[in-house]
Each structure stands twice: as structure tokens, then as C-alpha cells.
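Please read the structure below before turning to the comments.
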Amino acid sequence: MATIGKPIECKAAVAWGPNEHLKIETIQVAPPEDHEVRIKICYTAVCHTDAYTLSGQDPEGLFPVVLGHEGSGIVESIGKGVTDVAIGDHVIPLYVPQCRECKFCKSSKTNLCQKIRVSQGQGVMPNGTSRFTCNGKKLFHFMGCSTFSEYTVVADVSITKINKEAPLNKVCLLGCGVPTGYGAALNTAKVEKGSTCAVWGLGAVGLAVGWGCKAAGASKIIGIDINAKKFEIAKKFGFTDFVNPKDYEKPIQEVLIELTDGGLDFTFECIGNVATMRAALESCHKGWGVSTIVGVAGAGQEISTRPFQLVTGRTWKGTAFGGWKSRDSVPKLVDEYLTKKLLLDEFVSHNLSFNEINDAFHLMHTGESIRSVLTISEV
Ligand SMILES: NC(=O)c1ccc[n+]([C@@H]2O[C@H](COP(=O)([O-])OP(=O)(O)OC[C@H]3O[C@@H](n4cnc5c(N)ncnc54)[C@H](O)[C@@H]3O)[C@@H](O)[C@H]2O)c1
Ligand SMILES: N[C@@H](CCC(=O)N[C@@H](CSCO)C(=O)NCC(=O)O)C(=O)O
Ligand SMILES: [Zn+2]
Ligand SMILES: [Zn+2]
């Protein structure tokens, strides 16, 4: 291929500063170095975490940056030492890598590979440099993925090859929101058959939690949102009951404890709001209720509750990427989608062009979208 070993000039949506609209720019993407892979991105969705970092609330947020971490694409070229993917493979970039060598990868207790976590948080490749420039200025990478670009470069531990039969405009969602919610229920909380569950926030992440609770055989799955338009949509994902906190004067935990004879077996916070994190914990049943934090809270925010809540048997947990060991699990989730065990199409509320990327952020902020999928390059 003519581009191998050479920089590629292409379009990317650049975030020049916090709260600024993304700007479609011509950028240069350097060739992959050792243990790196250059990908032609075909589709990307927008996750709330992209908006969170763009808002300036992310303590690790750096600018100028190429955001995006829910994408799919095709390998354009590989650096020395790359063995697991080849040119032409269909792939999903992974913001939680899996090196299979570090202490975290070797433990069955976590999916949080730490091999490249420091450089990833610094917005650079593992060797400390960026592959992106725009008019001679360095751009930062984001979450090891940077999918808001026609081409990106990722570490070889941050990518997985998937079945070529899978539609890339749907399986891009397996880069973040859907596995996160589905795994929060199945891997982190380990929802039990017949249990009662409640989910705060019915965006893609919360809806995927509902699907995971249903898969685990929960008997009641309550969806909680201040946007009542989400309730009808949520029925498709297994939710059985709905509560809008705006309809009540008293604290929502009191409402839920009354509705569920003492509280829920499992609760999930999928908003990123420390007040709802507290409500979710305090809505758990005394003695055994488990609350899982999925939402990402802004810089400086802290959670609180009376320690008595934990003394009396409630457990507070958290999850990143739903606890999935990424390279092992994402190809299996693709197969679950292809065999119709896992929903993906139902999460796609809008299909937009790359030029409409700022509209995708607007649709998320106004609560009109579940996931907007942007076409970056035709397959
Ligand atoms: N832990 C992880 O690995 C992980 C992965 C993906 C996303 N996230 C985080 O999960 C959260 C959800 O992401 P998303 O993409 O689904 O977001 P989203 O914006 O699509 O959905 C959020 C939902 O929360 C609702 N909401 C907002 N404030 C509320 C309140 N006070 N009470 C009840 N409902 C409220 C909104 O109406 C909306 O339906 C974000 O914080 C995101 O950063 C975490
Ligand atoms: N950078 C932030 C934290 C952001 C955060 O918590 N990210 C989640 C994924 S959100 C995906 O949409 C995550 O995986 N965290 C684990 C990790 O980043 O290692 C901060 O500094 O507070
Ligand atoms: Zn995300
Ligand atoms: Zn590792």
C-alpha cells in the first residue's frame, strides 16, 4: 500500500480547548512505530465521556486533542513487533488495554491493565510521543484511541481483531458504552437471578446495564431518569418499571425503599453525579444490597454517605469498561451481537456524517440521542 511507512494527511475533529466546538482540520498522522498499529477509522460513536473531557472537567484532560474512543476500523499498517493484527483486519480500538503480562492482566480480579496507563493519561503513545500534528503543532491522543479522525495510531495492546462479518457501523459501540453497562451488571455486580435492580441514567450505558440485568434473570429492573422520554425506549432493554425523581418531593431513596420492600438488591449509577451515586447506594437493601458506580464524576467531586450504610451491609463498587478483559472479550461480544444475544442496533438513535460531529454532542446534551454513530470513512 502506498501509505505504508509514510505520514498520512487526513481529516480529524480537533478539540482546541475546553468547551470549544470541535473543528474539522487537516492533520498529519505519522506511521506506527514499534508495537503500534495505524487504523483507518470507519465509524465512531460519541460517549458522554468525550463530552466530559471536552467540558474541561476531566483532571486528565489535555488540549489540543483528538477525542473519541468508541470506534471501529480497518488496519492500514503495523509497526515492528505487532503480531496479533494484520493489514486489512477489522478492529476495535480499546481504551482499557490488555497486555496479558502485567500484574493486573495476570489477576482474574480486574481488567485494568496498567502497562501503558501512564502514557495514555498523558495523551501520548507508550514511547512518550504523539503521532498527530496539525499545522506543525502536536495534538494529544485520547484514552489511547482518538477515534475522531480518519486515521489513528494505537498501541498493539489496545486493539482487537473482530469478525469481518460484523457491521462496523454497529460494533463500534463495543468500544465503550454497551460493554461497560452490560459488564457492570454481569461482571462487576454479578446480578443474581430473581433479584431487584435499579439503574440511574438511561443513556447507552444505563440501558446496557438493563440488558445485562435482564440477561442475568433479574425479576424487576427499575429505570430512573429525569428525562421521561427515555422510559419508552428503555422497555426494549428489559426495564420493567420507571421512576422520575422530579415526580417526588421526598428523597428518591425513600421512594425506592418503600416501593421495593426495604430496598434493591443491585443499583447502578450511570450519570456521573455524586448526589445520585449516594442515592443509589442508600436505595440498596440493608444487609446485602450492592451499588455499582459507572458514571464518571467531574474533577474535585467526592462521594459521601453515612458509614452506617456500609456497616449495615451495603457494598459500594465501581467499574471501568464493565470489568471485561478487553482483547479477550470484545471479539466474543461481537459474536454475541451476531447471534442476537446482545443488542446493538437499538442503541443507535442517529447516523450522522463526520462534519456533523458537533450536532452529535448537542443531541447528547439535549437528551435526544442514545448513541449517534458518525461515518468517518466508507468501509
Ligand atoms: N465507567 C466506565 O467505564 C464508563 C464507560 C462509559 C461511560 N461512562 C460514564 O457513564 C455515564 C453515562 O454515559 P452515557 O454515555 O450513557 O451518558 P448519556 O448522557 O447518554 O446518559 C445520561 C443519562 O442520565 C440522565 N440524567 C442526567 N442527570 C440525571 C439525574 N440527576 N437523575 C436522573 N437521571 C439523570 C440523562 O437524562 C441521560 O438519560 C457518564 O458519566 C459517562 O462518562 C463510564
Ligand atoms: N480521566 C478521569 C477518569 C475518567 C474515567 O474514569 N474513565 C473511565 C472510562 S470512561 C469511558 O467512557 C475509566 O476507564 N477509568 C479507568 C482508567 O482511566 O484507568 C480522571 O482522571 O478522573
Ligand atoms: Zn466511553
Ligand atoms: Zn496488562
Side-chain angles (χ1 to χ4, degrees), residues 173 177-248 250-271 273 276-295 314-315 317 319 322-323 333 336-337 340-349 367-371:
L173 300 189
V178 175
T180 295
Y182 190 53
L186 296 178
N187 303 326
T188 309
K190 297 186 172 42
V191 168
E192 291 157 2
K193 196 170 169 21
S195 59
T196 57
C197 303
V199 183
W200 273 252
L202 300 176
V205 175
L207 294 173
V209 169
W211 191 247
C213 294
K214 181 179 160 79
S219 60
K220 187 189 267 292
I221 311 171
I222 306 177
I224 300 158
D225 205 297
I226 49 174
N227 177 356
K229 283 191 207 143
K230 299 284 176 102
F231 298 158
E232 196 49 43
I233 302 164
K235 287 181 188 164
K236 283 189 220 162
F237 296 85
F239 287 86
T240 57
D241 300 79
F242 299 97
V243 171
N244 185 342
K246 285 182 174 170
D247 294 341
Y248 299 88
K250 57 183 170 183
I252 200 67
Q253 41 274 57
E254 284 179 30
V255 174
L256 289 163
I257 286 169
E258 275 170 26
L259 278 176
T260 58
D261 187 26
L264 292 131
D265 300 321
F266 297 95
T267 67
F268 299 85
E269 202 278 357
C270 305
I271 300 165
N273 175 323
T276 47
M277 289 174 188
R278 179 177 193 153
L281 186 268
E282 294 180 358
S283 301
C284 283
H285 202 288
K286 191 174 194 171
W288 62 74
V290 175
S291 187
T292 301
I293 293 178
V294 192
R314 295 166 195 86
T315 302
K317 302 184 96 172
T319 191
L333 293 173
E336 282 199 18
Y337 164 67
K340 301 197 186 310
K341 190 173 168 205
L342 180 60
L343 301 181
L344 286 184
D345 301 11
E346 291 75 1
F347 288 91
V348 182
S349 56
E368 288 166 78
S369 61
I370 300 300
R371 276 297 190 255

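By convention here, the first residue in the shown sequence is residue 1.
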- Residue pairs fulfilling salt bridge (charged side-chain N to carboxylate O under 4.0 Å, His left out) with at least one residue in residues 182-202, sequence neighbours excluded: none
- Message: Assess whether a salt bridge exists between Lys229 and Glu232, defined as any Lys/Arg side-chain N lying under 4.0 Å from an Asp/Glu carboxylate O.
- Response: no
- Got a sec: does the CG of Asp345 have more than 12 other heavy atoms crowding it under 6.0 Å? yes
- Hey, what do you get for OG1 (Thr267) to CD1 (Ile293), rounding to the nearest 0.5 Å? 9.0 Å
- Message: One pair to check against side chain to side chain contact (heavy atoms under 4.5 Å, CB included): Val243 and Leu259. What are the steps and the verdict?
- Response: CA-CA 10 Å; Val243 171; Leu259 278 176; 4.0 Å; yes
- What are the two closest heavy atoms between Asn273 and Thr276, and how far apart are they? O-OG1, 2.9 Å
- Over all atoms of both residues, closest heavy-atom pair of Leu281 and Ser291: N-OG, 3.6 Å
- Message: Is any side-chain heavy atom of Asn244 closer than 4.5 Å to one of Ile226?
- Response: yes
- Is any side-chain heavy atom of Asp261 closer than 4.5 Å to a side-chain heavy atom of His285? no
- Query: What distance do Leu173 atom CG and Glu346 atom CD have between them, rounded to the nearest 0.5 Å?
  - Reply: 10.5 Å
- Can you tell me how far CG of Asp265 sits from OG1 of Thr260, rounded to the nearest 0.5 angstrom? 8.5 Å
- Take Ile224 and Leu256 through the test side chain to side chain contact (heavy atoms under 4.5 Å, CB included) and record every step on the way to the result. CA-CA 10 Å; Ile224 300 158; Leu256 289 163; 3.7 Å; yes
- Task: State, yes or no, whether a side-chain contact exists between Ser219 and Thr196 at a heavy-atom distance under 4.5 Å.
- Result: yes
- Message: Once rounded to the nearest 0.5 Å, what's the spacing between atom CG of Asp225 and atom CH2 of Trp200?
- Response: 12.0 Å
- Item | For Leu264 against Ala198, the heavy-atom pair lying closest together | CD1-CB, 3.5 Å
- Query: Taking all atoms of both residues into account, what is the closest heavy-atom pair of Ile257 and Glu282, and its distance?
  - Reply: CD1-O, 3.4 Å
- Task: Just do the side chain to side chain contact (heavy atoms under 4.5 Å, CB included) check on Phe239 and Leu202 with the steps written out, would you?
- Result: CA-CA 10 Å; Phe239 287 86; Leu202 300 176; 3.6 Å; yes
- Query: Heavy-atom distance under 4.5 Å between the side chains of Phe242 and Lys235, does that happen here?
  - Reply: yes
- Query: How long is the span from the CZ atom in Phe268 to the OG1 atom in Thr188, to the nearest 0.5 Å?
  - Reply: 8.0 Å
Using distance only, find each side-chain donor-acceptor pair of residues 177-184 under 3.5 Å and give its atom names and separation, not counting sequence neighbours.
from: Thr180; atom 1: OG1; to: Cys176; atom 2: O; distance (Å): 2.8
from: Tyr182; atom 1: OH; to: Glu336; atom 2: OE1; distance (Å): 2.7

- Please report the closest heavy-atom contact between Val199 and Cys270, naming both atoms and the distance. CG1-SG, 4.0 Å
- Task: State, with a plain yes or no, whether a side-chain heavy atom of Ile370 is found less than 4.5 Å away from one of Phe237.
- Result: no
- CH2 of Trp211 to CD1 of Ile221, rounded to nearest 0.5 Å, is 9.5 Å
- Message: Show me the pairs that pass salt bridge (charged side-chain N to carboxylate O under 4.0 Å, His left out) and involve residues 199-222, at least two apart or across chains.
- Response: Lys220-Asp241
- Note on the structure: In short, Thr292 meets Ala189 closest at the heavy-atom pair OG1-CB, 3.7 Å
- Query: What's the verdict on side chain to side chain contact (heavy atoms under 4.5 Å, CB included) for Asn187 and Thr319, showing C-alpha distance, side-chain angles and the deciding distance?
  - Reply: CA-CA 9 Å; Asn187 303 326; Thr319 191; over 6 Å; no
